[in-house]
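Just the heavy atoms: all of them, side chains too, but no hydrogens, waters or symmetry mates, feed the values below. In this text the structure is predicted, and so the values were computed from the model without any measurement. Order of listing sets the numbers, starting from 1, for every ligand and every atom in it.
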Amino acid sequence: MQGSGSSRTPALEVRDLSRIYGTGDIAVRALRGVSFHVASGDMVCIMGKSGSGKSTLLRQLGLLDAPSSGQVLLDGVDVTRLRESHRRVLRLEHLGYVFQEYALLPELTAEENVYLPSLMSGTPLRQARLQARELLAMLDLENRAGHRPSELSGGQQQRVAIARALINRPAVLFADEPTGNLDTESSERVMTALTRMNDELGVTVLFVSHDSDDQRFAKSLIVLRDGEIVSDVDR
Ligand SMILES: Nc1ncnc2c1ncn2[C@@H]1O[C@H](COP(=O)(O)OP(=O)(O)OP(=O)(O)O)[C@@H](O)[C@H]1O
Ligand SMILES: [Mg+2]
């Protein structure tokens, strides 16, 4: 996290963010006025009990949902106010996502899954394929490029998902419980892969985890309780 005295524009700034689901008697205040900065190149772990608002927070930051109030600034621009067409371009070209369930397309090979977002943003196939190969190699998957997801282990599928999330060289990568479905050893490999991508590509990473063990991979920590930050520390 970055102190308020810094002159550099943070990669991400969150101001008094709230998200209320539903209305009236059934309203759930999932986020209650959350504020923090994330410096470019940071690796942030978001922790907290089930229902504390972790996924809700990540969805607001990743432009997958719209907050009830407050602001999210990406490189100084309030993205909550942008038109949906502009938000879509930001999602495709500047943000990356990794989910607990990998969400790979089953009919496509690992390589095809990885380069699809690059094709969607207009890169020629040859170049997209080269980028995909390079990322798969960085993630120790070069000899799995032609495999379908069903022919890969959970940890391998998640590393393919990380490569896919990075193909358009996003500024920020969001990962919601990326190790939630994995055993200890695969979790370790996935977290190490994320750390390497943070170090070597300079991508800012925000990941959610249930497992306090995963904190050691982070440079900063945000702990949520009932939709509020209870701890926000640099490490
Ligand atoms: N679409 C929704 N409609 C209504 N309430 C919701 C919705 N999504 C989440 N909530 C509620 O908002 C609160 C925060 O949910 P959220 O999914 O952000 O928690 P979480 O910290 O990610 O939990 P977990 O660790 O179980 O994934 C919870 O009380 C949840 O029941
Ligand atoms: Mg969640």
Checklist entry - Do any heavy atoms of G53 fall under 4.0 Å from ligand 1? => result yes
Checklist entry - Should S52 be listed as contacting ligand 1, given a heavy-atom distance under 4.0 Å as the test? => result yes
Item to check | Environment of the Mg ion (ligand 2) in terms of protein N/O/S atoms, cut-off under 2.8 Å | outcome: S55 OG
By number and element, which atoms of ligand 1 are closer than 4.0 Å to a non-hydrogen atom of [X]?
{"X": "H210", "value": "25 (O)"}
{"X": "A30", "value": "12 (O), 13 (C), 14 (C)"}
{"X": "E177", "value": "25 (O), 27 (O)"}
{"X": "T56", "value": "14 (C), 15 (O), 16 (P), 18 (O)"}
{"X": "V28", "value": "11 (C), 12 (O), 29 (O)"}

Next on the checklist: I'd like to check the side-chain contact (heavy atoms from CB on, under 4.5 Å) partners of L201; sequence neighbours left out, ordered by chain and number.
Outcome noted: L135, M138, L166, R169, M197
Checklist entry - Going through the checks in order, is the salt bridge (Lys or Arg N to Asp or Glu O under 4.0 Å) test met by R129 and E134? => result CA-CA 9 Å; R129 194 179 267 158; E134 195 183 317; over 6 Å; no
Item to check | Polar atom proximity, G51 to ligand 1 (N or O, under 3.5 Å) | outcome: yes
Would you call [X] and [Y] a salt bridge, taking side-chain N to carboxylate O under 4.0 Å as the test?
{"X": "E188", "Y": "R216", "value": "yes"}
{"X": "R15", "Y": "E13", "value": "yes"}
{"X": "R87", "Y": "E84", "value": "yes"}

Checklist entry - Of the protein's non-hydrogen atoms, which lies at the shortest distance from atom 9 (C) of ligand 1, and what is that distance? => result Y21 CE1, 3.3 Å
Residue pair [X] / [Y], side-chain heavy-atom distance below 4.5 Å:
{"X": "V44", "Y": "L221", "result": "no"}
{"X": "Y115", "Y": "L125", "result": "yes"}
{"X": "L31", "Y": "Q60", "result": "yes"}

Next on the checklist: Applying a heavy-atom cut-off of 4.0 Å, say which part of K49 lies close to ligand 1: side chain, backbone, both or neither.
Outcome noted: backbone
Item to check | Check against side-chain hydrogen bond (donor to acceptor under 3.5 Å, both in side chains), D16 and S35 | outcome: CA-CA 5 Å; D16 205 18; S35 301; 4.9 Å; no
Checklist entry - Under the salt bridge (Lys or Arg N to Asp or Glu O under 4.0 Å) criterion, do D65 and R19 qualify, and how do the steps go? => result CA-CA 9 Å; D65 188 23; R19 177 66 166 100; 2.8 Å; yes
